[in-house]
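Scroll down for the structure; my scribbles are underneath it.
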Amino acid sequence: MEKDAPILIIGAGTFGLSTAYHFAQAGHSNITVLEKSTAVPPADSAGNDLNKIIRAEYEDPFYAELALQAMAAWKTNPLLAPYYHETGYLLANSAAAPDKAKKTLLKSLGSIQQHPAFRGKISPIERREDITKVAPVFDGPMEWKGYFNRFAGYAQSADALTAMYSACCALGVKFRTGDAVKSLIYTLDKDSSRRCTGAVTESGKTYTAVLIVLTLGAALATVLPEVGRQVAANAWSVAHIQLTPAEAEKLRGIPVTYARDLGFFFEPDRRTNLLKLCPSGAGYTNFCSSSEGGPSVPPDFNAFITPADEDKIRRLLRETLPGLAERPLINKHLCWCADTADSEYIIDFVPETSNNSLIVASGDSGHAFKMLPIVGQWSVELARAGKQETKRWRWKAGQDAGGDVSWRIGRPVDLRDVPLAVRSNM
Ligand code: FSA
């Protein structure tokens with residue numbers, strides 16, 4: 001591809017910004033990003049959040065290696081390093097955890113226990129004192145078992161996306177916001193194959209390009225219906241407690257703390273003193289608004305969490321920081337991810353589009369934010385190679401997302417089974 005050939009990236013979330021950044025870094029000078037939200041990072045991007053876990057333990061060594069690569073970049077890339085905090089990661093199960101939670105924790109530990117990158121970084125959590133050693137401020141009962149990994153932490157995710165957005169602007173990437181893509185444009189080539197040549201927006205603007213990359217996360221099916229059910233929008237609850245400066249100071253430096261069967265929380269945000277809390281579980285789908293047999297897509301209204309999730313967050317606090325367990329939860333919302341059947345990403349050309357004109361980079365499956373420094377590079381490599389050689393990242397025709405995921409406890413709940421009063425936060 002010529003370096004000045006027009007490239008169109010649709011969606012300015014984690015995948016979209018990283019993709020624009022890597023194409024620009026590779027010398028491409030004619031990149032346009034379309035984003036339906038008026039702001040970047042977009043309001044409904046999963047990465048537009050206070051923080052996300054950065055860790056390299058994975059049941060699958062393939063992703064463990066990628067996460068290690070990404071972590072090296074989080075630490076050394078001056079653009080991102082200010083937003084990465086290596087507070088450590090406490091991964092455990094409460095006394096009441098089901099067998100599945102115990103199994104997934106052992107698999108996580110197994111993936112790093114023998115790895116040279118983690119030598120001297122892991123210590124077992126067998127009793128309460130093992131926790132108070134690494135988090136002295138926790139004063140709950142915590143009959144937990146698991147481990148503490150010093151080589152992990154979190155990133156201030158919205159801030160990191162903003163930094164990447166600024167870097168893209170400085171590299172000459174154009175952003176067009178506040179106008180959703182209505183449809184893609186296809187032309188029939190002489191051999192009657194279908195080539196994607198651009199997109200039309202709701203306001204009627206046409207953008208043409210030689211390469212179009214779809215980085216729409218959970219909303220992919222709204223622009224690419226043929227993705228069908230291989231990607232399902234799946235959401236998790238997020239809530240916060242507003243701490244006073246003194247309270248936040250007391251919690252400064254705590255590790256990311258994740259009880260597999262209850263949920264997780266982070267060091268309070270350094271700017272706002274908000275403590276972010278997430279209940280664990282298998283998440284929520286939204287098949288209810290789509291046609292029969294259609295995909296799960298995010299609903300328009302997301303500013304709520306269910307009473308069951310609120311209860312789980314309070315149980316997590318009673319175990320760790322009981323003094324905060326009855327405090328009001330604020331900024332409650334659902335965070336939408338793009339699940340695939342096997343939790344593998346999709347970085348591939350869309351079949352039956354010629355000239356390698358249309359790439360899908362999606363299927364984060366709830367474990368991709370940590371890859372922000374490198375995820376965009378994979379589309380650059382694909383465009384160069386002309387074929388996805390990494391089989392696990394290919395288009396997943398015929399697969400239905402929504403099955404069992406090893407690290408999640410329980411079954412997903414569809415929003416149709418959540419009372420309307422909860423879903424509309426009445
Ligand atoms: O990659 C990570 O460390 C994400 S863990 C957080 C979480 O909420 C999961 O617990 C959940 O199962 C889903 O995958 C979204 O991310």
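Whatever order the structure lists ligands and atoms in, that order sets their numbers, starting from 1.
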- Sequence neighbours left out, what passes side chain to side chain contact (heavy atoms under 4.5 Å, CB included) with Ala97? Give chain and number order.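 Residues passing side chain to side chain contact (heavy atoms under 4.5 Å, CB included) with Ala97: Asn93, Ala101, Asp261.
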- Message: At less than 4.0 angstrom from any non-hydrogen atom of His367, what atoms of ligand 1 do you find?
- Response: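 Answer, ordered by atom number: 1 (O).
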- Item | Atom indices of ligand 1 within 4.0 angstrom of Arg55 heavy atoms, with elements |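 Those atoms are 1 (O), 2 (C), 3 (O).
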- Query: Hey, does Lys52 sit under 4.0 Å from ligand 1 if you only count heavy atoms?
  - Reply: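 Lys52 does not count as a contact of ligand 1 under the 4.0 Å cut-off.
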May I ask you to say whether [X] pairs ionically with [Y], meaning some side-chain N is under 4.0 Å from a carboxylate O?
X	Y	answer
Arg392	Asp60	yes
Asp179	Arg176	no
Glu247	Arg327	yes

- Could you tell me the residue and atom name of the protein heavy atom closest to atom 16 (O) of ligand 1, and the distance to it rounded to 0.1 Å?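 Looking at atom 16 (O) of ligand 1, the protein heavy atom closest to it is Gly366 O, 3.2 Å.
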- Message: If you measure every N or O of Arg260 against every N or O of ligand 1, does any of those distances drop under 3.5 Å?
- Response: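 Arg260 vs ligand 1: no N/O contact under 3.5 Å.
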- Item | For atom 7 (C) of ligand 1, the option (of Tyr58, Tyr89, Phe264) bearing the nearest heavy atom |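 Among Tyr58, Tyr89, Phe264, the closest heavy atom to atom 7 (C) of ligand 1 comes from Phe264.
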- Message: Please state which option from Tyr258, Tyr63, Phe369, Tyr154 has its nearest heavy atom closest to atom 9 (C) of ligand 1.
- Response: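 Looking at heavy atoms only, Tyr258 sits closest to atom 9 (C) of ligand 1.
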- Query: Within the side chain of Thr285, is there an N or O that forms a donor-acceptor pair under 3.5 Å with the backbone of Phe287?
  - Reply: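 Judged by distance alone, no pair lies under 3.5 Å.
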- Walk me through it: do Lys396 and Asp348 pass the test salt bridge (charged side-chain N to carboxylate O under 4.0 Å, His left out)? CA-CA 10 Å; Lys396 301 172 199 306; Asp348 200 3; over 6 Å; no
